[in-house]
Amino acid sequence: MNENKVLHIASWNVNSLTVRLDQALEWLASTKTDVLALQETKLTDDKFPVNIFQEQGYHVVFSGQKSYNGVAIVSRYPIEEVTTDIPELIDPQRRILVATIAGIRLINLYVPNGASVGTDKYEYKLMWLEKVTYYIQQQLNLYPKVAVVGDFNIAPEDQDVHDPEEWKGCVLVSPLEREAFFKWIDLGLQDPFHQFTQDQIYSWWDYRAGGFRRNRGLRIDHILLSEPLLKQCLACYIDIEPRRSERPSDHAPVRATLAIAK
DNA sequence: ATGGTGGTCTTACCA
């Protein structure tokens, strides 16, 4: 007899794992999340709370630095073939963490913010996106099941922006950033989000000026799936609840449910 | 009303 099972994967920019550790643990447990990609942990590896996750029954890998950036993967399933650096990009900033979990090549990214169009940080973002494109292309050739998840710092379309006119041409929505996003789609990755009916469109709201209260948000956190994984995708949505918490991250987690054969 | 908030070995920088 065949039993249908599911895998819950998610991505969440926690903006300091130190501050958000209890929230993350509670959210992991209450949502039955199997695999969680974290961004902006802001922790050096020696300070990562390995034992706390292990005590809760999770495997964990991480790549961190002091004060800024930092990525991690928390998983109910064993984590294999871990990569923190890609040959295309020599970078002290810890923004990439790749691993194989339950037959899925999971690429966890914290894409540079880009500050504002025309700055050095914007140029770094475009360069970073281009280098990672080559890496993703290679991974798609090596693995049929690829998930690229994380804080992309790109809102792909105007429907992902609360006020497209106000944001027109700004960082996070500029044409060159969107072009980079759709290059990844052209490689064979797909964004399942708009294939499902959504209550919440946005994944990030600026802390300033009552951004969340006024729902002035953008959808910049994503889960992209290769074709074999897309066929297994039963749901994809943003869980706004953590953003309502006391002392929240400025990002809400994005989730996907994947059917797995048992 | 052209700002604001929040995080970090803080008084500057990042988002």
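Here is the naming used below: chain letters follow the sequence lines, and residue numbers restart at 1 for every chain. What you see is a predicted model; the values in this text were computed from it and never measured.
Counting any heavy atom pair closer than 4.0 Å across all strands shown, A:Y110 reaches sugar-phosphate atoms only and no base atom. No contact: A:R243 has no heavy atom under 4.0 Å from any strand. At the heavy-atom level, A:R20 lies under 4.0 Å from the strands shown only through sugar-phosphate atoms.
Between B:dC14 and A:K121, a contact under 4.0 Å exists linking OP1 or OP2 to a side-chain N or O. In this structure, A:R247 does not reach the B:dT5 phosphate: none of its side-chain N or O atoms is under 4.0 Å from OP1 or OP2. Look at A:R216 and you won't find any side-chain N or O under 4.0 angstrom from OP1 or OP2 of B:dG4. Residue A:S67 places at least one side-chain N or O under 4.0 Å from the OP1 or OP2 atom of B:dC9.
Side chain of A:R178 to backbone of A:P156: a donor-acceptor contact under 3.5 angstrom is found. A donor-acceptor pair is defined here as one N or O able to donate and one able to accept, closer than 3.5 Å; such a pair exists between the side chain of A:R214 and the backbone of A:A209.
Pair check for B:dG3 finds none; no Watson-Crick or G-U wobble contact set falls under 3.5 Å.
No donor-acceptor contact under 3.5 angstrom links the side chains of A:N13 and A:W204, judged on distance only. A:E40 and A:Y110 form a side-chain donor-acceptor contact under 3.5 Å, judged by distance and modelled atom types alone.
To the nearest whole angstrom, the two C1' atoms, one in B:dT11 and one in B:dG6, are 16 Å apart. Across the C1' atoms, B:dA12 and B:dA1 are found 26 Å apart, a figure rounded to whole Å. Of the C1' atoms belonging to B:dC14 and B:dT10, the separation is 12 Å, rounded to the nearest Å.
Put simply, CG on A:L17 is 13 Å from P on B:dG7, counting in whole angstrom units.
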